[in-house]
Amino acid sequence: LLTFVEVHSDSICRPFFGIATGRNLFYHVPGIYHDRSAVVAFADGHVEKKKWLDARTYSPPRGMAWHDHAYTSVNNRDLTWLQERASVRN
């Protein structure tokens, strides 16, 4: 299970990374600091460099209200990947 992932600097507001499970939206957007990728840490101790595939993940819109925590991204493979590895599922 996912325990840590870098957060995109525009969507940082709390000291954690959150996603909305069971819905098509990001709570926080993952970081893109390593060639459109982020380092993801897992509960079993391993880490992965995850390359984001969807432009809505690695190039989120500028000027949106990030603190609403409701960045909708329907059919986003990256969001699905994160949700499948989340520590809590709805």
Side-chain angles (χ1 to χ4, degrees):
L1 298 175
L2 170 90
T3 58
F4 175 83
V5 64
E6 298 169 304
V7 180
H8 192 287
S9 60
D10 288 342
S11 73
I12 293 174
C13 67
R14 294 187 171 97
F16 67 87
F17 174 79
I19 54 171
T21 58
R23 296 181 290 172
N24 293 312
L25 58 89
F26 285 100
Y27 188 86
H28 289 115
V29 178
I32 56 168
Y33 308 114
H34 310 284
D35 189 28
R36 293 190 339 212
S37 302
V39 174
V40 182
F42 293 88
D44 67 359
H46 85 279
V47 296
E48 293 179 21
K49 179 182 175 186
K50 173 62 177 150
K51 179 93 169 180
W52 306 120
L53 305 173
D54 192 302
R56 295 170 294 175
T57 306
Y58 61 77
S59 186
R62 296 219 176 254
M64 73 176 285
W66 289 105
H67 300 298
D68 290 343
H69 303 295
Y71 173 36
T72 302
S73 197
V74 177
N75 296 321
N76 183 323
R77 293 184 293 169
D78 301 323
L79 181 56
T80 300
W81 187 90
L82 289 162
Q83 289 169 332
E84 289 172 348
R85 289 153 181 83
S87 57
V88 176
R89 294 186 175 95
N90 296 354

Roughly how far, to the nearest 0.5 Å, is [atom2] of [Y] from [atom1] of [X]?
X	Y	atom1	atom2	result
T80	D54	OG1	CG	9.5 Å
F42	E48	CZ	CD	4.0 Å
K49	E6	NZ	CD	10.0 Å
D10	H28	CG	NE2	12.0 Å
H69	I19	NE2	CD1	14.5 Å
H46	T3	NE2	OG1	9.5 Å

Quiz prompt | Pairs flagged by salt bridge (Lys or Arg N to Asp or Glu O under 4.0 Å) wherever residues 38-47 is involved - sequence neighbours left out | solution =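 Passing the test, one end in residues 38-47: no pairs.
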Self-check item: Pairs touching residues 63-79 that satisfy salt bridge (Lys or Arg N to Asp or Glu O under 4.0 Å), sequence neighbours left out
Solution: none
Self-check item: Side chains of V29 and W52 in contact at under 4.5 Å (non-hydrogen atoms)
Solution: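 No - every pair of side-chain heavy atoms lies 4.5 Å or more apart.
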Quiz item: V5 pairs by side-chain contact (heavy atoms from CB on, under 4.5 Å) with which of V40, V39, V47?
Solution: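 Passing option: V40.
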Quiz prompt | Short side-chain to backbone donor-acceptor contact, Y58 and P30, under 3.5 Å | solution =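 No: the side chain of Y58 does not pair with the backbone of P30.
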Practice problem: Please answer whether the main-chain N or O of V74 pairs with a side-chain N or O of R56 as donor and acceptor at a distance below 3.5 Å. | Solution: yes
Quiz item: Minimum heavy-atom separation for G22 to Q83, with atom names?
Solution: N-NE2, 4.1 Å
Quiz item: Which atom names give the shortest non-hydrogen contact between A38 and G31, and what distance separates them?
Solution: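 Nearest heavy atoms, A38 then G31: CB-O, 3.4 Å.
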By side chain to side chain donor-acceptor pair (under 3.5 Å), which residues pair with [X], not counting sequence neighbours?
X	result
N76	T57, S73
N24	none
Y27	R14

Exercise. Identify, with sequence neighbours excluded, every residue that meets salt bridge (charged side-chain N to carboxylate O under 4.0 Å, His left out) alongside D35.
Key: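 Partners of D35 under the salt bridge (charged side-chain N to carboxylate O under 4.0 Å, His left out) test: K51.
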Exercise. Could I get the full list of ring-ring contact (aromatic ring centres under 6.0 Å, His included) partners for Y71, not counting sequence neighbours?
Key: F26, W66
Quiz prompt | With F4 via ring-ring contact (aromatic ring centres under 6.0 Å, His included) - residues at least two apart | solution =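 Expected list: none.
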Exercise. Could you pull out all residues at least two apart from S59 that satisfy side-chain contact (heavy atoms from CB on, under 4.5 Å)?
Key: none
